[in-house]
Amino acid sequence: MKMAVSVLLLATSALRGAEAPPGPLSDASRRSIETARDAALKGTGAAGLVRSLSDEVGARLAGSAGDRAAVDWAVRKLKEIGLENVHSEKVTVHHWERGEESGEVTAPVVQKLVLTALGNGVGTPTEGLEAEVLRVGSIVDLKALLEKSPEAARGKIVYFGQKMERLRAGKGYGDAVPIRVAGATEAARGGAVGVLIRSVGTNTSRVPHTGVLLYDDKLPKIPAAALSPPDADLLDRLSAGPGPLRVRFRLGCQWKPDEESANVIGEVRGSSRPEEIVLLGAHLDSWDLGTGALDDAAGVGIVSEAARRIAKLPRRPARTLRVVLFANEENGSAGSRGYEEAHKSELSRHVAATELDLGTDPVWQFDTLAGPEAEAAATQLAALLSPLGISRSATGYAGADIDLLRVAGVPLFGLHQDASRYFDYHHTADDTFDKIDPGGLDRCVAATLTFALYAAEVPGGFGRLPEALRKTEK
Ligand SMILES: [Zn+2]
């Protein structure tokens, strides 16, 4: 009973802290943030952490042996770098395996196709799936066509040719990714037997991009694969005729029984308000084709190194910094759901969260998903980030793993990295350590620790998300 009362008192005082409007930082706090920020620009250990995860563990698709090795690696590493309360929290993950895959054009000519199965997808019969190809651009184009000609896709392989635009912001990906996520569902609705997409990426090499698809349980689950960009170009030309274009492809992917994985957590305990939490997220799993250096060993390296540097500061920040390395971001988000479930009772004391999941290039924009009471804090934070060349944006997106925290009203902060190069390699066999730029990572560490120290030090809080923003797509 006594304990229950003290827990209650703790919760009430924490709530008061988080609800008070942000006050100005003390001069001492500001100076120590600026010093830590500038020191990170001289070189950090982030690239070493990325190299270790990428080279010594490698690919770590949820449910695989690599995934289990990554959990052990993370527990060991977070302890090694001096974080506290390091532990893993079990989550059950789906286990999907790729298997062998191949494809070719069979008419009007014979041409090999370089393709890869979309994650979560079903396989084809061993002899493959062959059908005439119906080329459309986007999901919107397919829906418009089926409106006019409801039988247009029946019995066919629908090929989505939409191209992703290379942009510094992540928007190019957001615009193109529906063909991968929803293409199989929309094609199945029209009676198609299979789906091909132009890879959602910006490379011109003969390397395809995988990534998750989602089926609708009420519709047939049809096999789906992504073509490398030059192979997509070939289908674009051949589909213009003359004569019908036919393709055959074989996908050996399959579902295995569910497996155990884990979120891995480590903290820098706060000095005066340890019950209030600032969350720094990244994801530990990766796709199977590369070694997940950019996606997301880079994010793991950035947030872990930021926390390591903060743990070594002469004076600890007021609030607790919590590094969360999420399981299974790529193929089901079980880690994100598991965290939300396991920490429900303390989500009201999560004062801010961010997530790093966009590779190795520097943060150039930041934004807030928060209520009007956080505005003063965002302005103060902007001043601390601006010497790093970071300006404010208003995209309102922070990260896939922390999105669920919105439901509990946690204010989210986006630290947006330059995405210009990222989608040349994202979800491909080319996502390997040679693409990592240590200098870019150092700048990301500087931005992340600036955010983290500010959020952990600022008097008052960022308030809570307004009801209208407490929705998530998951
Ligand atoms: Zn990622």
Side-chain angles (χ1 to χ4, degrees), residues 45-98 119-120 212 255-268 277 279-308 311 321-343 353 355-357 399-402 404-405 427 431-433:
L49 289 165
V50 177
R51 190 202 59 74
S52 173
L53 179 54
S54 176
D55 288 358
E56 293 158 23
V57 176
R60 45 198 182 278
L61 183 59
S64 67
D67 186 38
R68 287 189 290 282
V71 170
D72 294 343
W73 176 91
V75 170
R76 203 173 61 240
K77 240 357 147 187
L78 294 189
K79 283 182 182 163
E80 226 172 84
I81 65 173
L83 302 195
E84 299 152 290
N85 189 22
V86 174
H87 64 281
S88 58
E89 297 182 352
K90 279 178 194 166
V91 292
T92 302
V93 297
H94 294 315
H95 182 202
W96 176 89
E97 271 191 4
R98 181 171 305 281
N120 210 9
V212 77
W255 286 94
K256 303 275 188 174
D258 286 357
E259 291 281 350
E260 209 164 77
S261 185
N263 294 327
V264 179
I265 291 174
E267 292 180 337
V268 181
I277 293 157
L279 188 151
L280 305 178
H283 68 86
L284 196 51
D285 66 312
S286 77
W287 282 105
D288 54 329
L289 296 171
T291 62
L294 294 166
D295 188 10
D296 184 23
V300 169
I302 293 164
V303 297
S304 304
E305 174 66 7
R308 186 189 73 83
L321 291 180
R322 178 178 291 172
V323 169
V324 183
L325 305 180
F326 289 95
N328 185 222
E329 187 270 344
E330 299 290 8
N331 202 5
S333 296
S336 162
R337 286 195 306 276
Y339 184 84
E340 198 252 350
E341 196 55 45
H343 295 271
E355 177 172 353
L356 277 289
D357 185 15
D401 283 311
I402 58 172
L404 262 183
L405 301 178
H427 295 181
D431 182 359
T432 46
F433 183 71

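Nothing fancy with the numbering, it's 1 onward along the sequence. All values derive from a computational prediction rather than experimental measurement.
With sequence neighbours excluded, the residues satisfying side-chain contact (heavy atoms from CB on, under 4.5 Å) with H343 are E89, I265, R322, Y339, E346, L347. With sequence neighbours excluded, no residue forms a side chain to side chain donor-acceptor pair (under 3.5 Å) with N328.
Looking at L49 and V300, their side chains never come closer than 4.5 Å, going by heavy atoms from C-beta outward. Side-chain contact check for R98 versus W287: some heavy-atom pair is nearer than 4.5 Å. V324 places none of its side-chain heavy atoms less than 4.5 Å from the side chain of I402. Counting heavy atoms from C-beta on, the side chains of D285 and F326 never come closer than 4.5 Å. The shortest side-chain heavy-atom distance between D357 and E329 falls under the 4.5 Å cut-off.
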Output a table of donor-acceptor pairs, distance under 3.5 Å, between side-chain atoms of residues 71-83 and any protein atom two or more places apart or on a different chain; print 'none' if there are none.
| unit_1 | atom_1 | unit_2 | atom_2 | d |
| --- | --- | --- | --- | --- |
| W73 | NE1 | S52 | OG | 2.8 |
| K77 | NZ | E80 | OE1 | 3.2 |

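Summarising the geometry of G332 relative to R337, their closest heavy-atom pair is O-NH1, 2.8 Å, with the distance given to 0.1 Å. Across all non-hydrogen atoms, the minimal contact from G338 to V91 is CA-CG1, 3.9 Å. Scanning all heavy atoms of the two residues, the minimum distance from A293 to S54 falls at CB-OG, 3.6 Å.
With 3.5 Å as the limit, one finds a donor-acceptor pair spanning the side chains of D295 and H427. Counting only N and O atoms by type, the side chains of D258 and H95 include no donor and acceptor under 3.5 Å apart.
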